[in-house]
Amino acid sequence: MIFPLITDPFFYAVSIPAVLLLGISKSGFGAGFGSLAVPMMALAVTVPQAAAILMPVLLVMDLLGMAAFRNDFDRKLLKFLLPFGLLGIVAGTLLFKVLEPKVVAGIVGGFTLLFLAQRLMFPPRPDSAPPPRWAGALLTVTSGFTSFIAHAGGPPINAYVIPLKLSPVVFTGTMAFFFFFINIAKWIPYAWLGLLDTRNFATSLVLLPLAPVGVWAGVRVARRINPVLFYRFVFAGMFLTGVKLLWDAFR
C-alpha cells in the first residue's frame, strides 16, 4: 500500500526550512523562531493541516530536547507552569472550530510585539522583581491555547519566563520539558477533531529525519553561546514571529 502523502514540491520548499527552524528553536537557541513553522507551512496547506503534520515531528524533537537537557531544568517552575498550560489546551480544544486561524495569529503576534516594546521602553533593572505569579498563570494558559491552535506557544510563555533570568541551559531545559507535556496532551484532541489522518501522518514521516538535524545544531550553539547574545536571538525570533503573525492576520 502506498501512503497518500503530499507530493506538491512547493509544500516541501516551505516545510523543510520550517521544520529545521522548529528544531533549532526546540534546542533553545533562536527560541521564538519555532512559532514561524506553521505560518510558513500554511503558505502551502491549511493551518490545521500544517499543525497536524507537525505533531509526530514535534514528538521526536521534544524527546531529543529532553534527552539533551535532562539535568538542566527548573523542576519547581515546571510544576507551576504545567497545570495552566494544560488548561490552555482544554480551551484550545473547545474553541478550535470557532476561532479563525487569522484571529489567533493576530492575538499571538500583537501580544508578542507588545511584550518586546515593553522590554525596550522599560528595560528591567538587575534588582527588578520577577513577574507576579498571576501573570505567569495567565501567560501560560495563553501559551497552551496558542500552542494547540498553531504550535505558537513560545512567545506567551517566553514573556513570563525570560524575566526570571534563568541561565540559557536551564531556560532551554525547562521549556523542553514543558512543551513535551503540552504537545503530548494535544494528541487525543487532535484525533477527536479528525486532524490525524493517514495523509498527514505519511507526510510527517517524510519530514521526520530533519527533526534531529535542527535540534542537534541548536543544542551545540545553546551550550556555547553567551547569555546576553542568547537572549538577543530570543528577542529577534520573537520579533520576526510577531511581525509574521500580524501580517497573516491582516492580509
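The two residues F10 and A44 have their closest heavy-atom pair at CD2-CB, 3.8 Å. The two residues T93 and P189 make their nearest non-hydrogen contact at OG1-CB, 3.4 Å. Here the closest heavy-atom approach between residue P156 and residue T146 is recorded as CG-OG1, 3.8 Å. Smallest separation of non-hydrogen atoms from L208 and V57: CD1-CA, 3.6 Å. The shortest non-hydrogen separation linking F180 to L63 is CE1-CD2, 3.8 Å. In terms of heavy atoms, N158 sits closest to F171 at OD1-CZ, 3.5 Å.
No side-chain heavy atom of L54 sits under 4.5 Å from any side-chain heavy atom of S204. Contact check for M41 versus F11: side-chain heavy atoms found under the 4.5 Å cut-off. Side chains of D72 and T172 form no contact here, defined as non-hydrogen atoms less than 4.5 Å apart. Looking only at side-chain heavy atoms (C-beta outward), S143 and F178 come within less than 4.5 Å of each other. Put simply, the side chain of P131 reaches to within 4.5 Å of the side chain of L164, judged on heavy atoms.
Atom OH in Y160 sits 9.0 Å away from atom CG in L139 (nearest 0.5 Å). The distance from atom CE of M66 to atom CZ of F181, rounded to the nearest 0.5 Å, is 6.5 Å. Atom CG in L58 sits 5.0 Å away from atom CG in L22 (nearest 0.5 Å). The CZ atom of F145 sits 10.0 Å away from atom CG of L94, with the distance rounded to the nearest 0.5 Å. The CG atom of L196 lies 9.5 Å from the CZ atom of F201; values are rounded to the nearest 0.5 Å. Distance check: L77 CG to T174 OG1 gives 5.5 Å after rounding to the nearest 0.5 Å.
Residue W192 qualifies as open at atom CH2: its count of foreign heavy atoms under 6.0 Å is 12 or below. In this structure, L193 places its CG atom where more than 12 heavy-atom neighbours from other residues, nucleotides or ligands lie under 6.0 Å away.
I182 pairs with exactly one of T140, I157, L86 by the side chain to side chain contact (heavy atoms under 4.5 Å, CB included) rule, that one being L86.
Under 3.5 Å, the side chains of S147 and K186 contain a donor-acceptor pair of N or O atoms.
In this structure, the side chain of N200 engages the main chain of L195 through a donor-acceptor pair within 3.5 Å. Between the side chain of N183 and the backbone N or O of F179, at least one donor-acceptor pair lies under 3.5 Å. The closest donor-acceptor contact from the side chain of T203 to the backbone of I6 lies under 3.5 Å.
By the rule that hydrophobic residues join a cluster once side-chain heavy atoms approach within less than 4.5 Å of another member, I184 and I89 end up as members of one cluster. No path of Ile, Leu, Val, Met, Phe, Trp and Tyr side chains, each step under 4.5 Å between heavy atoms, connects V90 with L95, placing them in separate hydrophobic clusters. F84 and L138 are assigned to two separate hydrophobic clusters, defined by single-linkage of ILVMFWY side chains at heavy-atom distances under 4.5 Å. Following chains of ILVMFWY side-chain contacts shorter than 4.5 Å, one can reach I149 starting from L246, so the two form part of one hydrophobic cluster. Put simply, I188 and L82 are part of two different groups of oily side chains (I, L, V, M, F, W, Y) that touch within less than 4.5 Å, one to the next.
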Review point. Given M175 and V161, is the side-chain contact (heavy atoms from CB on, under 4.5 Å) satisfied, shown in steps?
Key: CA-CA 9 Å; M175 291 298 94; V161 177; 3.9 Å; yes
Check your understanding: How far apart are the C-alpha atoms of F148 and Y190, what are their side-chain angles, what is the distance that settles it, and do they pass the ring-ring contact (aromatic ring centres under 6.0 Å, His included) test?
Key -> CA-CA 9 Å; F148 185 87; Y190 267 52; 5.0 Å; yes
